[in-house]
Amino acid sequence: MEDLLEDTVLIQLRINGKYHELEISPSVSLLDLLRDELNFKGTHMGCMTGHCGACTVMINGKTAKSCITLASTLSNVDITTIEGLSDEEGNLSPLQESFWNTAGFQCGYCAPGMLFLTKELLEDNPNPTDDEIKTALEGTLCRCTGYQSLIRAVKDAAENISASKS
Amino acid sequence: MSLYPQFAKPNTTEQASQLLSGLSTGAVIIAGGQEIMPSVNYGHLMPSVYVDINSLKDLVGINFENNELSIGALTVHRDIQNNELVKEHVPLLSYAAQWVGGGWQVHNRGTIGGNIVSMHPLYDIIPSLLILDAEVEIISAAGTNRVSISDLLNDTSHGLGSKSILSKIIIKPMSKSLGWAYEKLKITSGGYGSANSAAIVETKNSKIISLRVSVGAVSPLPVDISSSLSSLIGNEWNDSLNDIITSKCSSLFDDALSDQQGDDQWRRSMASVMAIRSIKAALKKIE
Amino acid sequence: MGNNDENSDLYVGKSVRTLEGKGPVSGRAKYTSDFNFDGQLYAHILRSPHASADIKSIDTSAAEKISGVVKVLTGEEAAKYIDPIPHYIDPTGLGGKVATIRCLALDYVWCYGQPVAVVVAEEKRIAQYAVSKINVDYDIKDPVIDPALALREDAKPVVRDWDSNLITQLPFSNGDPEKAISSADEVIQTEVKVHRFSTQPIETRCYNAVWEAETESITLYGTVQNPHPLRNVLSKVLRMPENKIRIHAPTIGGAFGLKMHGHPEEGLMCILSKLTRRPVKWVESREECLLVGAREQVHNVELAVKKDGTITALRDNFVANTGAPSATPGWAMSFLTGLTMPGPYAVRNLDVLLSAVVTNKPGWNASRGYGKEVTAMALEISIDNAARQLGIDPLEMRCKNFIKSDQFPYDSPTGLIYDSGDYSGVLMKAAKAIDYEGWKVKQKEALKEGRYIGIGIGFELTPEGGAVPGTLVAGYDTSSVKVGPDGSVRVLTGVTSPGSGNPTGIAQIVADELGVKLDTIEVIQGDTTTCPYGFGNASGRSTIVGGGSAAKAAKKVREKIIKVAAALMEVDEKTVNLIQGNITSGDKSISLEEVCYAVYTRAYDVASVVEPPLESTATFKPGLIRHTPDENGRINPYPSYSNAGFIAITEVDIETGQTKLLKISVAHDCGKAINPILVEGQANGAISFGIGGSMSENIVFDENGRQLTNNFMDYVMPRAHDVPEILQSHHDSPNPVTYMGLKGAGEAGVGGSASAIVNSVNNALSPFGVLITDLPLTAPRVWAAIQLARKNQPQRKVA
């Protein structure tokens with residue numbers, strides 16, 4: 001069975017809609033792969049222990065912390081990074097517009113976590129209560145806002161997204 | 001300790017177990033990675049080989065057959081929370097999984113198998129499995145074994161995580177007439193557990209006729225305290241039972257943890273507070 | 001929010017969305033660690049696992065053999081190339097002692113986590129691995145951890161060439177406290193223990209140094225709050241002139257004081273880049289970030305009071321455990337704690353003594369509140385205790401003792417000059433917003449059901465815009481406003497932003513003063529090559545002095561535009577209007593671009609009425625600061641005295657000791673709000689610090705001085721469910737000496753909310769007679785206090 005052992009791993013990822021075939025080191029985190037190898041710098045390092053959520057991406061449409069995801073275990077998956085929330089011309093999505101318009105962020109370092117958790121929340125629950133919003137945001141720390149402006153931004157995004165769909 | 005580890009992604013459990021038996025120490029099994037990666041990132045763990053079990057089909061899926069619910073070890077917490085079969089047959093487990101820390105991102109990636117194998121004292125899954133009399137299936141080169149969760153906790157030679165693979169969790173369905181609850185105490189909403197308790201209770205004419213209670217996050221491993229509370233059986237709930245539970249619990253947690261989630265003296269007292277709360281909440285479900 | 005200006009043509013007062021806000025939401029903002037350069041190398045630091053030890057030898061040979069390792073540097077070699085780090089705030093200026101602070105330890109280590117050696121490698125994981133192969137032979141010593149023991153005569157000095165462990169001991173005294181205390185109706189003593197907690201921005205520190213061989217200069221990309229002052233420090237460390245050093249601070253992911261400089265890694269990366277001739281980058285791990293401490297202080301407060309609640313004297317002998325010496329400015333927070341006593345209270349008899357002590361814990365850095373939050377905690381918790389013992393409503397007790405609004409400017413007993421304020425008005429507003437009286441009724445009702453609800457008050461005076469004489473903590477700052485031939489505007493300013501939104505506030509000010517559209521303005525900060533010499537971000541100063549100086553510069557540029565517009569339209573310049581980029585005079589109009597182009601291209605005819613270019617640089621130097629000592633040797637380092645009142649409602653679960661914060665109300669006096677939604681955000685953020693600091697955040701050590709709190713599992717910061725609804729109101733009394741009456745926002749919130757929460761929990765537990773003044777109020781601590789009270793008072797009937 002030793003013939004199963006490999007020194008490098010060949011993986012296929014679709015990142016923000018674009019196909020990548022990569023030969024990677026077995027121990028690299030998805031965060032380091034995205035930032036250091038593929039130059040997706042919008043995904044941020046805050047702790048490397050899975051607590052802060054600044055490294056959040058979506059894997060197959062579900063939020064994940066890229067710092068505690070081993071890249072070599074992923075293959076044939078779709079990854080969305082924060083850069084993939086805007087369209088190809090760089091136009092912001094209604095979700096992003098809401099966070100900008102309502103001063104959701106201050107420093108914005110936690111943006112990947114907050115934006116993707118909001119996206120995941122609103123896909124299932126277009127009109128969340130404050131309590132449901134707080135539950136959704138639990139996996140990401142913000143040190144600037146005391147969460148008040150984030151909750152306001154999520155509510156604005158809920159309105160903005162339903163308006164853009166109707 | 002290797003700066004240049006190797007990687008293997010076996011396609012069958014046979015392949016995987018044979019591979020593991022041939023590897024020297026330093027191999028780790030990885031699925032969601034949520035438990036291992038913090039140590040890898042900090043260089044505290046530098047495996048020589050990562051064995052990726054995500055391709056093992058035997059570890060996938062939730063099935064109900066022969067009056068048993070079988071949950072594949074690769075099932076993520078989000079699916080434990082939302083799966084209709086889990087909700088119907090073991091609602092306690094589905095509910096407890098909501099309390100797993102780390103937020104939705106971790107619920108989406110963390111597996112029930114990883115949660116069990118880590119044997120972390122503060123985690124939320126084992127307390128419920130203990131009182132559900134769950135069993136786990138373990139695959140190694142020597143073959144497939146089925147052992148109860150409580151035996152697994154007492155046995156340190158199972159080799160899970162490096163030599164053998166946890167493939168599935170098997171649980172008998174809960175009767176609809178049971179009351180159940182999981183109560184968790186943590187310092188703040190971002191805190192890990194400081195004490196928790198799962199309870200399943202059955203009553204007849206308001207009297208308790210069976211009772212299962214476990215306490216987690218107090219001792220180095222979750223503890224099934226049901227047998228210590230057997231004197232509660234036959235009673236209708238009343239406040240004097242509080243004192244019985246408190247007194248019974250007082251001697252059960254001599255090995256209480258003392259860490260930044262709380263000191264041992266407090267944890268010991270919280271064991272009974274959480275046990276009382278979970279029993280009361282379980283009883284309330286029956287009403 | 002007092003936001004009545006939405007219909008105005010002016011930008012100031014409006015909650016416009018930030019100019020810089022698109023970067024973060026799109027993932028395109030560039031934080032320091034996002035920069036990589038050709039030939040990039042990565043550094044990893046070996047840190048001491050011991051609190052106190054002699055370094056007998058260091059064997060780097062195994063590390064050097066690892067493929068990909070480029071350089072291993074030890075303290076001994078480093079000392080050949082670089083000098084010790086000068087203090088940001090030199091203790092000798094405050095009557096204290098100076099230690100030699102090196103980038104890498106030499107001969108001995110004085111705290112857990114101190115840098116001992118550094119590896120530079122082609123990949124970060126190689127550097128990390130190689131560090132584990134360095135072998136240091138330590139001779140471990142017994143550490144000094146407890147500040148009380150550190151002060152004993154026989155204590156071993158943490159700094160080996162010092163004669164004691166005191167950095168400085170400073171009195172703050174006035175009047176006749178001895179007499180007031182001896183003649184008081186009662187003297188109420190309260191020991192307040194404020195623990196070690198830290199700011200922990202989600203972006204950790206990062207430095208990337210790029211040596212440029214051609215010009216023999218260094219560029220440091222860094223998470224730096226104060227680029228120009230850091231350049232001065234690095235010139236001394238690196239033995240290079242300042243004009244050969246460039247600091248570039250890009251987008252910052254939160255700072256709150258932790259990114260003020262003096263950190264060893266700043267100089268280390270520079271010298272490593274110079275030695276390897278390649279760019280060298282270091283990204284701080286969370287474990288490393290948690291080494292930065294602050295605020296471990298024990299206060300022994302004595303309040304002399306009359307029976308009616310009037311405070312006649314304050315005595316506080318307090319000890320600050322500032323850890324091992326550090327060049328960062330954190331240690332001086334303890335000085336500010338003493339200087340800002342007795343806060344908002346009209347107490348004239350004062351006997352405060354600060355003992356700032358070094359121990360073998362890691363050192364401090366500046367933390368939001370900068371010592372003033374601890375003043376609030378010590379005072380507010382003590383006053384609540386006094387009110388309880390006197391049987392007076394704590395709200396009434398405060399209002400009785402506040403400085404009155406007609407007493408400003410007010411000379412404080414420590415020599416400060418408070419600019420303005422209406423403290424009782426502020427606190428009453430906070431009380432009204434949350435229905436203080438109504439909660440008293442609810443509290444009684446709840447108690448009947450066995451629920452323990454608490455109502456707690458806190459008040460906080462947070463002087464802002466501080467200037468320390470003889471240091472590069474300056475009270476003034478400088479901005480340039482430059483309008484190009486196309487009419488677009490660049491504002492270059494010496495202040496920086498940690499993510500607070502001040503570039504937008506400054507742009508709003510410039511847009512109004514200049515008369516242009518907001519979206520034509522670009523604000524540039526954080527670059528020592530392009531920006532005017534400035535002092536960066538600290539002390540709630542950025543909008544006061546950055547905005548104030550930009551306004552002055554904009555006014556001068558506007559005058560030129562008006563003159564040339566008048567000449568082009570052939571009208572009297574007094575008739576020219578310029579607002580939002582529209583230039584009119586009567587029914588005539590001309591485009592801004594045409595005027596600007598003319599300034600640059602027609603300097604010898606129609607535009608000769610002004611001197612090109614359309615640029616101006618101005619400095620705003622607020623008044624009220626007094627650095628010439630008065631007859632008692634006292635100075636006033638602040639121009640502005642923001643303040644805020646807080647009411648916190650909590651419910652305590654007496655079985656578990658767990659506290660739930662139900663609601664918090666704040667009334668804030670921060671002067672004019674340039675962008676109300678951003679100002680509100682500052683206060684909310686500061687309150688979140690107060691919530692974490694009072695309830696869960698705590699950095700702990702074992703008995704050997706090894707730090708046990710190493711990650712976010714154990715350092716528990718508030719998450720979304722931990723912060724309740726915050727009711728925010730404003731009660732502004734404008735500062736007479738700043739632009740538009742600005743006072744500074746950002747720091748107020750930490751100490752005031754923390755004290756309100758502590759007082760609220762104690763209030764909830766008053767049926768047990770519990771008073772907890774040892775922070776934080778974690779569930780186990782609250783539970784233990786209840787247990788103790790029950791044991792001591794078994795007769796007390798508890799629901």
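Lettering follows sequence order; numbering is per chain, from 1.
Here the CD atom belonging to Q658(C) is positioned 8.5 Å from the OG1 atom belonging to T188(B), to the nearest 0.5 angstrom. Interatomic distance, D653(C) CG to L185(B) CG, rounded to the nearest 0.5 Å: 8.0 Å. Interatomic distance, T778(C) OG1 to Q260(B) CD, rounded to the nearest 0.5 Å: 11.0 Å. The distance from the CD atom of E287(C) to the CG atom of N41(B) is 12.0 Å, given to the nearest 0.5 Å.
Heavy atoms only, all atoms of each residue included: R719(C) and G190(B) are closest at CD-CA, 3.4 Å. The nearest pair of heavy atoms linking M270(B) to T656(C) is SD-CA, 3.6 Å. Between L3(B) and R125(C), the shortest heavy-atom distance links the atoms O-NH1, 2.8 Å. Taking both residues in full, the closest heavy atoms of Y42(B) and R286(C) are given as OH-N, 3.2 Å, listed atom of the first, atom of the second, then distance. The two residues Y129(C) and M46(B) have their closest heavy-atom pair at CD1-CE, 3.3 Å. Closest approach of Y4(B) to S67(C), counting heavy atoms only: OH-O, 4.4 Å.
For T659(C), no part lies under 4.5 angstrom from a heavy atom of chain B. With a 4.5 Å cut-off on non-hydrogen atoms, I276(B) does not touch chain C at all. Residue contact with chain C, scored on non-hydrogen atoms closer than 4.5 Å, is absent for D259(B).
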